[in-house]
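Notes to accompany the following structure.
To find a chain, count down the sequence lines: A is the first, B the second, and so on, and within it residues start at 1.
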Number of protein chains: 2
Amino acid sequence: MNFVDLQVFKCVVDEGGIIKAARKLHRVPSSVTTRIKQLEISLGVTLFHRDRQRLHLSPTGELLLAYAERLIQLSDEARAVISGGMPRGVLKLGALESTTASRLPRILADFHRRYPEVRLELTTGTNDALVNKVVDRRLDAAFTAEVPAARALEHVAVFPERLIVISHPEHPPIRRARDIEGASLIVFPEGCAYRRVLQRWLGREGLGALRVLELNSYHAIVACVASGTGIALVPESVLDTMPDTHVLRHAIPKAQANITTPLVWRRGEIVPTVLALRALIAS
Amino acid sequence: MNFVDLQVFKCVVDEGGIIKAARKLHRVPSSVTTRIKQLEISLGVTLFHRDRQRLHLSPTGELLLAYAERLIQLSDEARAVISGGMPRGVLKLGALESTTASRLPRILADFHRRYPEVRLELTTGTNDALVNKVVDRRLDAAFTAEVPAARALEHVAVFPERLIVISHPEHPPIRRARDIEGASLIVFPEGCAYRRVLQRWLGREGLGALRVLELNSYHAIVACVASGTGIALVPESVLDTMPDTHVLRHAIPKAQANITTPLVWRRGEIVPTVLALRALIAS
DNA sequence: ATATATCATTCTCTATATCAGAATATATTG
DNA sequence: CAATATATTCTGATATAGAGAATGATATAT
């Protein structure tokens with residue numbers, strides 16, 4: 001069993017006959033016949049039932065077909081990633097404001113250096129907005145906050161993140177949810193998964209609704225926190241990109257704090273540019 | 001790029017050298033070297049950095065390794081599933097309404113317990129409809145009423161059945177065909193072999209056409225018979241699955257009464273799932 | 001310091017596998 | 001009935017892969 005055999009097998013099934021497959025494969029029919037026979041012998045099963053000079057896929061053959069398709073697809077992907085020529089064209093990428101600020105600069109610089117033929121279009125947005133845009137094909141892929149529940153999406157874990165609470169420098173230490181009672185929350189608009197993390201934590205410890213201020217940029221949020229307007233939940237990596245901010249950092253329980261930023265794309269529709277991005281991140 | 005190359009590649013990485021890999025693969029080192037070189041040439045990349053007679057996996061090599069492992073694992077799985085014992089996949093089975101009611105529940109329960117990987121698709125229909133579907137490959141096998149005449153089908157005898165005539169409880173005894181003169185026949189629609197048995201018997205004893213009522217379910221037929229609408233011919237085993245039916249049973253001549261339900265499939269095209277079913281019934 | 005062992009590689013020969021092409025057998029179609 | 005289409009078998013040419021021996025370069029032990 002090798003890739004050539006599997007490709008020949010799949011072609012015979014798709015084209016519905018030895019001769020048609022031979023034409024498509026630029027081979028002579030006898031070669032295709034022998035290849036199929038060899039495959040049957042090596043697996044010890046009958047892939048096709050021969051009925052009056054016609055081939056009919058057997059149930060076992062159907063079983064193999066499913067595997068053959070997966071194997072061929074995977075090997076094509078491997079070849080594309082490893083030796084695939086330079087990807088080119090447009091890569092429509094989405095990311096959270098936080099990921100954009102903390103992780104992307106390095107990644108995108110590397111990416112552009114390695115694949116200068118790719119024009120990058122970066123869209124920022126909340127977790128939910130990004131997921132929707134990927135599903136709608138308005139993005140090729142996105143770095144989100146949560147692994148999406150949708151069956152239609154695939155993902156790979158990329159960046160481990162640690163969420164922390166930040167406050168005004170003179171704020172007393174925050175060890176539990178009730179320590180922030182009375183403060184205002186400064187958060188991203190609805191749809192941000194980090195905000196849900198924060199509210200879940202507060203809810204779990206019995207804290208109800210707080211005053212909420214919605215801002216659209218981490219710089220604005222951090223500036224407001226520093227000036228004592230309220231507290232906020234941010235990934236530590238974002239804060240590390242802002243060296244001169246005078247805010248106090250408070251740890252929250254690990255169960256809430258430790259999350260992973262995934263890269264998500266539509267199932268089965270990974271494109272060369274995204275493949276290249278994924279390969280670059282993996283290395 | 002083929003599976004052998006990938007396995008050799010993975011082995012070299014795992015064992016950490018050409019010679020160790022060669023030992024493990026029962027090959028000569030030169031063979032392993034050439035295999036790796038070929039792989040590098042065919043992919044157009046360098047998989048290992050050669051540093052003073054030592055190999056070091058390159059970043060590209062690491063990329064390939066990940067794919068190689070998935071591909072090898074998947075192909076092993078395919079081989080195990082396809083040439084490994086347990087049948088799996090879909091079994092498209094046909095059966096008469098009567099067989100479905102009386103014999104199949106036990107059989108199918110056993111079958112599913114023993115071969116949980118097989119998804120069963122059961123189709124009911126008349127004898128002729130089932131035979132046609134098997135010939136057309138829309139069924140893998142079927143329990144029919146008669147041994148099919150078609151050369152293209154094989155069969156094995158499975159269940160002995162005894163056909164009996166049933167009537168309203170107050171109906172006088174039926175000993176010969178003329179005893180039912182004037183009654184209505186309640187039968188399955190055209191294509192049912194049991195119906196032909198009944199009409200052959202009546203015809204042989206010189207009885208002509210009777211009024212006929214066609215119904216599609218044994219429950220309906222038995223209910224109509226019980227209420228005095230007419231008489232019907234049913235396998236005794238079906239009646240035994242309906243404990244509270246008030247109908248009178250009448251024997252008919254053994255030549256007509258004793259039949260055998262066969263399992264039929266296309267000649268020479270018996271598949272693992274049907275093989276398993278046949279084996280289970282035989283035991 | 002020298003000898004030995006280890007390692008990857010190169011080269012050549014042989015066995016094997018695979019392909020193309022011609023011939024064959026059977027079924028479908030005009 | 002001829003013509004076309006289909007899968008298969010057989011044979012010879014070709015390419016490929018593996019074995020084995022030789023090479024060169026490095027590390028390790030005496």
Checklist entry - Which residue pairs pass the salt bridge (charged side-chain N to carboxylate O under 4.0 Å, His left out) test with at least one member in residues 2-18 of chain A, sequence neighbours excluded? => result A:D5-A:R35, A:K10-A:D14, A:K10-A:E69, A:E15-A:K24
Checklist entry - Nearest to the side chain of B:R27 - D:dA19, D:dA7, C:dT9? => result D:dA19
Item to check | Rounded distance (Å) that lies between atom P of C:dA5 and atom NZ of B:K20 | outcome: 17 Å
Checklist entry - Distance-only, no hydrogens or angles: does the A:S58 side chain make a donor-acceptor pair with backbone N or O of A:T46 under 3.5 Å? => result yes
Nucleotides 12-14 of chain D: which of its N/O atoms have a protein N/O under 3.5 Å away?
none

Item to check | Minimum-distance nucleotide (side-chain atoms of B:S31 versus C:dT9, D:dG18, D:dA7) | outcome: D:dG18
Checklist outcome for this item: Within residues 5-13 of chain B, those residues having any heavy atom closer than 4.0 Å to DNA chain C are none
Next on the checklist: For a quick check, with a 4.0 angstrom heavy-atom cut-off, what is the B/S/- contact string for nucleotides 24-30 of chain C, read 5' to 3'?
Outcome noted: -BBSS--
Checklist entry - Is B:E121 salt-bridged to B:R119, cutoff N-O under 4.0 Å? => result yes
Next on the checklist: Strictly below 4.0 Å, N to O, side chains only: are B:E214 and B:R195 in salt-bridge contact?
Outcome noted: yes
Checklist entry - Are any of A:R50's side-chain N or O atoms less than 4.0 Å away from OP1 or OP2 of D:dA7? => result no
Item to check | Interface residues of residues 36-49 of chain A with DNA chain C (non-hydrogen, below 4.0 angstrom) | outcome: none
Checklist entry - Residues two or more places apart in sequence or in another chain: which of them pass side chain to side chain donor-acceptor pair (under 3.5 Å) with B:R27? => result none
Checklist entry - Can you name the side chain to side chain donor-acceptor pair (under 3.5 Å) partners of B:R278, sequence neighbours left out? => result none
Compile the donor-acceptor pairs under 3.5 Å between side chains in residues 92-100 of chain B and protein atoms, sequence neighbours left out, one pair per line.
unit_1	atom_1	unit_2	atom_2	d
B:T100	OG1	B:L96	O	2.7

Next on the checklist: Donor-acceptor pair, distance only, cut-off 3.5 Å: does the side chain of A:R266 make one with the backbone of A:V134?
Outcome noted: yes
Next on the checklist: Is it the case that the side chain of B:D136 and the backbone of B:R138 share a donor-acceptor pair, with hydrogens and angles ignored and the cut-off at 3.5 Å?
Outcome noted: no
Item to check | Side chains of B:S237 and B:E161, donor plus acceptor under 3.5 Å | outcome: yes
Checklist entry - Which residues satisfy the ring-ring contact (aromatic ring centres under 6.0 Å, His included) test with A:Y67, sequence neighbours excluded? => result none
Checklist entry - What's the NE2-P distance between B:H56 and C:dC7, to the nearest Å? => result 13 Å
Item to check | CH2-CG distance between B:W265 and B:L275, expressed to the nearest 0.5 angstrom | outcome: 8.5 Å
Please enumerate all protein N or O atoms sitting under 3.5 Å from an N or O of nucleotides 21-23 of chain D, with distances to 0.1 Å.
none

Checklist entry - Once you round it to whole Å, what is the distance between P of D:dG18 and CD1 of B:I18? => result 13 Å
Next on the checklist: Need one value for A:T33: base, sugar-phosphate or nothing, where a base atom within 4.0 Å counts as base even if backbone is also close, heavy atoms only.
Outcome noted: base
Item to check | Candidate nucleotides C:dT9, D:dA19, D:dA7, ranked by approach to the side chain of B:P29 - the nearest | outcome: C:dT9
Checklist entry - Which of the following nucleotides, C:dC7, C:dA20, D:dA7, is nearest to the side chain of A:I19? => result D:dA7
Checklist outcome for this item: ring-ring contact (aromatic ring centres under 6.0 Å, His included) pairs touching residues 106-133 of chain B, sequence neighbours excluded, are B:F111-B:Y115
Checklist entry - Within the distance-only criterion (no hydrogens, no angle test), does the side chain of B:N258 pair as donor or acceptor with the backbone N or O of B:R162 below 3.5 angstrom? => result no
Next on the checklist: Less than 4.0 angstrom between a side-chain N/O of B:R35 and OP1 or OP2 of D:dG18, yes or no?
Outcome noted: yes
Checklist entry - Taking only residues two or more places apart in sequence or in another chain, which ones pass ring-ring contact (aromatic ring centres under 6.0 Å, His included) with B:F48? => result B:F9
Item to check | Whole-Å distance separating the CG atom of A:N2 from the P atom of C:dA17 | outcome: 13 Å
Next on the checklist: Under a 4.0 Å threshold between the charged nitrogen and the carboxylate oxygen, would A:D110 count as salt-bridged to A:R113?
Outcome noted: yes
Checklist entry - Between atom CD in B:E15 and atom C1' in C:dT6, what is the gap in whole Å? => result 16 Å
Checklist entry - Less than 4.0 Å between a side-chain N and a carboxylate O, is that true for A:R54 and A:D51? => result no
